[in-house]
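Contents: one structure, followed by commentary.
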Amino acid sequence: MQKLIPILIRSIPVFLLSCCFLSSHSVTYGQSLGTITVEAGDYTRIDTPVSLDLSGMPLGFPADRLHLVEIKGSRRVVTRVQLEAGSPPRLWWILSGRTEAGSTRIYDLKSGSRGVDIMYGDAAELQVVKNDSFLQIQQEDGKILRYNHAVVPAPAGQSALYNRSGFIHPLWSPTGSVLTNIHPKDHYHHLGIWMPWTHTEFEGKPVDFWNLGQGQGTVRFKKFVSMTGGSVYGGFQAEQEHVALKTDEGAKVVLNEVWDVRVYNIGGPGSGYWLWDFVSTQRCVAESPLKLLEYRYGGFGFRATADWKGETAAYLTSTGKTRKDGHATRARWCDTSGVSDGKWKGVTFFSHPGNFRHPEAMRIWPEFEKEVFFNWAPVQTGDFEMKPGADHVFRYRQYVHEGKVDVERTEQVWNDYAHPPEITLDAAPPKSVVVLFDGRHNDKEKDFSHWTAGDNKKIGWDSVDGVMKIAPRTGSIWTKRNFTDFKMHLEFKIPQMPPNVKGQGRGNSGVYIQRRYELQILDSYGLQLQKNDCASMYKTKAPDKNVCKMPQQWQSYDIIFGAAKFDGNKKTKNARITVWHNGILVHDDFEIPNKTGAGQEEGPEPGPILLQDHGNEVSFRNIWIVPL
């Protein structure tokens, strides 16, 4: 077995504090950044994962050190917190213990202090470990799930068509029993937890991505986007490709898919459960649509361990259906369970209320002697089509438990998922923050108050619903204020361009720092990046990684910039820049040797931030800067 290597460099390097520490030490925090209020609403909460969307707030920079302190009368309870940088940035924590329906909890969000050097630890962090074959999420020695990114070969004597990557197996119970199965003899194409479609049509031909033995289609791992361990959650994002193998042009990628898998740091062996979320974002990237035809199965699937069958297996849905009558019905959740290692264990699957065709139809094997198989199957309800350039998002939550299903507890988990607590932030950002654009005024003159298009020229760009959009060929805009050293956050969205538009014509714009150094914006999804692609320092340095999202999805840049130093007009030190793209470090203190591309000549004077009009309708939001 290959050696597992822990992911030590996390995508969000924030300062994490452990849950439920009653602060008796003399700890000095930074300033308060605001008060967070959590309303439980109509439901009682028990160890509930929660998050706060930081859109439009000058918070959530990847290098921020944040503390969350719950206010309980005269007591102050430090809470472990984890920052998810990107677009939008989110703050995650656990609403620990029991929170009664109708109650309120108050937190003080504080900036980090360089004087704080104590790590309070009452709970092990979730680790993400990876080798050449798989990625695994675990807590200390407790294994939770494994994602197979390398190709797993077919069983001996079977067709190589069954070779497959991009699926979860094993999934472990809190006490260590394996709950999934792959390559069972009755269905060699079953692969633990996986998500292919079955009865589809592409360019006039049938394509079955599920039944691999037909040789019509397959799904394969492409690359990891991110891997994150921490005290609140651990997880990964992985890109996958759904490939039609027999088109007129040979094998062709039809769908690009991103899995976002997140395990929460609650439960464990002592509490008898794990909780984790699965999100699949799928987009047709071919020129023709993919037609999904009505069929009894296809989509998110689960093949249970061979131990679960007959009297040692059971199903129960949210509508009270069981193995004998659950198939082809629709439900909010379905529990599957069985006996492993002499004891009952189970997995409850929840469909998010925002999902397509929720409550979703299900494929359940009704035969008593069969092993357990479960599938969320929206295709049972009728045909639908995935058109080029459109995202289809499928969200599911899994509650992995010891023992038989507890309906009261299951409904509590459902309510957390479907009706989360209401969270508000009364922000008090540092006075040094300059909000360059948040679009909150719904008034073009006020929204662009920090920007200019030049003397006696009106800004031609649009500002609608908190978003500024380039009106092509109306000209670039830049800040009225000049900057020297700073950190900055902005979010952008690239339009979907026609397939015949290539190269630098695909959603081109740029962030010109001091009007001298361009950080490129472009549709570079899936490319081997060059020095003129997205997140490059234009014509100077390609980014260290390609973490570009598909067009029409919001992306982010977080920038730390140190200006070039001059003695009179003689440069003594080059400018330096650090950039996080979608929360991932892509330039690490890079020394910029000179101005880039069409940038202005270097000099000792500060300069503005310019957003480039390159003829495409690129959008921007949530732009703020802090002079350093």
Side-chain angles (χ1 to χ4, degrees), residues 41-45 48-49 101 168 171 193-200 210 257 259-262 264 273 275-282 291-304 313-337 346-366 372-386 390-401 404-422:
D42 296 332
Y43 307 100
T44 294
R45 317 290 180 172
T48 302
I168 292 172
L171 172 69
I193 293 174
W194 75 123
M195 194 173 175
W197 300 105
T198 309
H199 189 33
T200 79
W210 181 292
E257 179 184 29
W259 279 20
D260 188 337
V261 175
R262 184 173 312 222
Y264 298 103
Y273 73 95
L275 186 72
W276 60 282
D277 285 346
F278 172 97
V279 180
S280 168
T281 302
Q282 302 179 19
K291 297 179 181 179
L292 288 86
L293 307 178
E294 183 176 345
Y295 202 63
R296 66 183 184 274
Y297 64 90
F300 179 96
F302 166 71
R303 181 62 188 259
Y315 299 86
L316 180 68
T317 77
S318 59
T319 59
K321 303 294 185 182
T322 63
R323 172 165 42 194
K324 65 181 180 181
D325 57 2
H327 172 65
T329 64
R330 300 171 72 168
R332 297 176 288 115
W333 55 261
C334 179
D335 183 77
T336 62
S337 60
V347 185
T348 312
F349 299 94
F350 299 84
S351 167
H352 192 275
N355 278 358
F356 178 58
R357 293 178 174 170
H358 179 87
E360 289 187 63
M362 299 169 291
R363 171 61 169 151
I364 292 173
W365 281 349
V372 169
F373 166 73
F374 172 77
N375 168 223
W376 289 117
V379 289
Q380 284 185 10
T381 317
D383 300 352
F384 66 96
E385 187 174 82
M386 291 187 174
D391 285 341
H392 297 262
V393 183
F394 304 88
R395 297 179 176 89
Y396 303 106
R397 174 164 286 183
Q398 286 63 238
Y399 178 68
V400 184
H401 59 87
K404 293 186 176 182
V405 59
D406 180 333
V407 174
E408 181 179 356
R409 171 59 174 158
T410 302
E411 286 293 334
Q412 186 269 319
V413 175
W414 161 256
N415 288 327
D416 281 352
Y417 192 42
H419 313 288
E422 182 176 337

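The aromatic rings of W210 and W194 are tilted relative to each other, their planes meeting at an angle between 30° and 60°. Relative orientation of the F394 and H392 rings is parallel, given thresholds of 30° and 60° on the angle between their planes.
For T336 (side chain) and V347 (main-chain N/O), a donor-acceptor pair under 3.5 Å exists by modelled atom type. Between the side chain of T48 and the backbone N or O of R45, no donor-acceptor pair lies under 3.5 Å.
Side-chain contact check for W365 versus H327: every heavy-atom pair is 4.5 Å or farther apart. The side-chain heavy atoms of F384 and V379, taken from C-beta on, include a pair separated by under 4.5 Å. M195 has its side chain within reach of E257: a pair of non-hydrogen atoms, C-beta onward, lies under 4.5 Å apart. Within the 4.5 Å cutoff, no side-chain heavy atoms of M362 are placed close to those of N375. Within the 4.5 Å cutoff, side-chain heavy atoms of E411 are placed close to those of W333.
Taking every heavy atom of both residues into account, A313 and V372 meet most closely at CB-CG2, 3.6 Å. Among all heavy-atom pairs drawn from T381 and A361, the shortest one is OG1-CB, 4.1 Å. Listed here is the closest heavy atom pair of A331 and T317: CB-CB, 4.0 Å.
If you look at F278 and F300, their ring centroids are closer than 6.0 Å. The aromatic ring centroids of F302 and F373 lie 6.0 Å or more from each other.
In E385, the CD atom is crowded: over 12 heavy atoms of neighbouring residues, nucleotides or ligands sit closer than 6.0 Å.
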**OP:** Check step by step if side-chain contact (heavy atoms from CB on, under 4.5 Å) holds for D416 and L275.
**Re:** CA-CA 12 Å; D416 281 352; L275 186 72; over 6 Å; no
**OP:** Output, in order, the C-alpha distance, side-chain angles, deciding distance and verdict of side-chain contact (heavy atoms from CB on, under 4.5 Å) for F350 and Y399.
**Re:** CA-CA 8 Å; F350 299 84; Y399 178 68; 3.7 Å; yes
Original post:
Is there a side-chain contact (heavy atoms from CB on, under 4.5 Å) between V261 and W276 once you walk through the steps?
Top reply: CA-CA 7 Å; V261 175; W276 60 282; 3.9 Å; yes
Original post:
Could you go step by step and tell me if L171 and I193 meet the side-chain contact (heavy atoms from CB on, under 4.5 Å) rule?
Top reply: CA-CA 8 Å; L171 172 69; I193 293 174; 4.1 Å; yes
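Note that OH of Y315 and OG1 of T322 are 10.5 Å apart. Values are rounded to the nearest 0.5 Å. Interatomic distance, I364 CD1 to T329 OG1, rounded to the nearest 0.5 Å: 5.5 Å. Here the CZ-OG1 distance, from F374 to T348, works out to 10.0 Å after rounding to the nearest 0.5 Å.
For R330, there are no salt bridge (Lys or Arg N to Asp or Glu O under 4.0 Å) partners, not counting sequence neighbours. Residues meeting the side chain to side chain donor-acceptor pair (under 3.5 Å) test with S318, sequence neighbours left out: none. Applying the salt bridge (Lys or Arg N to Asp or Glu O under 4.0 Å) test to D383 and every residue at least two apart in sequence or in another chain returns nothing. For Y295, the ring-ring contact (aromatic ring centres under 6.0 Å, His included) partners two or more places apart in sequence, or in a different chain, are H199, Y297. For N355, the side-chain contact (heavy atoms from CB on, under 4.5 Å) partners two or more places apart in sequence, or in a different chain, are S351, H352, H358, E360, R395, Y396.
Salt bridge status for R262 with D277: absent, with no side-chain N to carboxylate O gap under 4.0 Å.
Inspection of the T281 and D391 side chains reveals no N or O donor paired with an N or O acceptor under 3.5 Å. Side chains of H401 and D335: a donor on one and an acceptor on the other come within 3.5 Å. Checking E408 against T410 by side-chain atom types alone, no donor-acceptor pair falls below 3.5 Å.
Figure legend: R332 and W414 shown as a cation-pi pair, the cationic atom lying under 6.0 angstrom from the six-membered ring centre and within 45 degrees of its axis.
Under the salt bridge (Lys or Arg N to Asp or Glu O under 4.0 Å) criterion, the residue pairs touching residues 293-303 are D186-R303, R303-E371, with sequence neighbours excluded.
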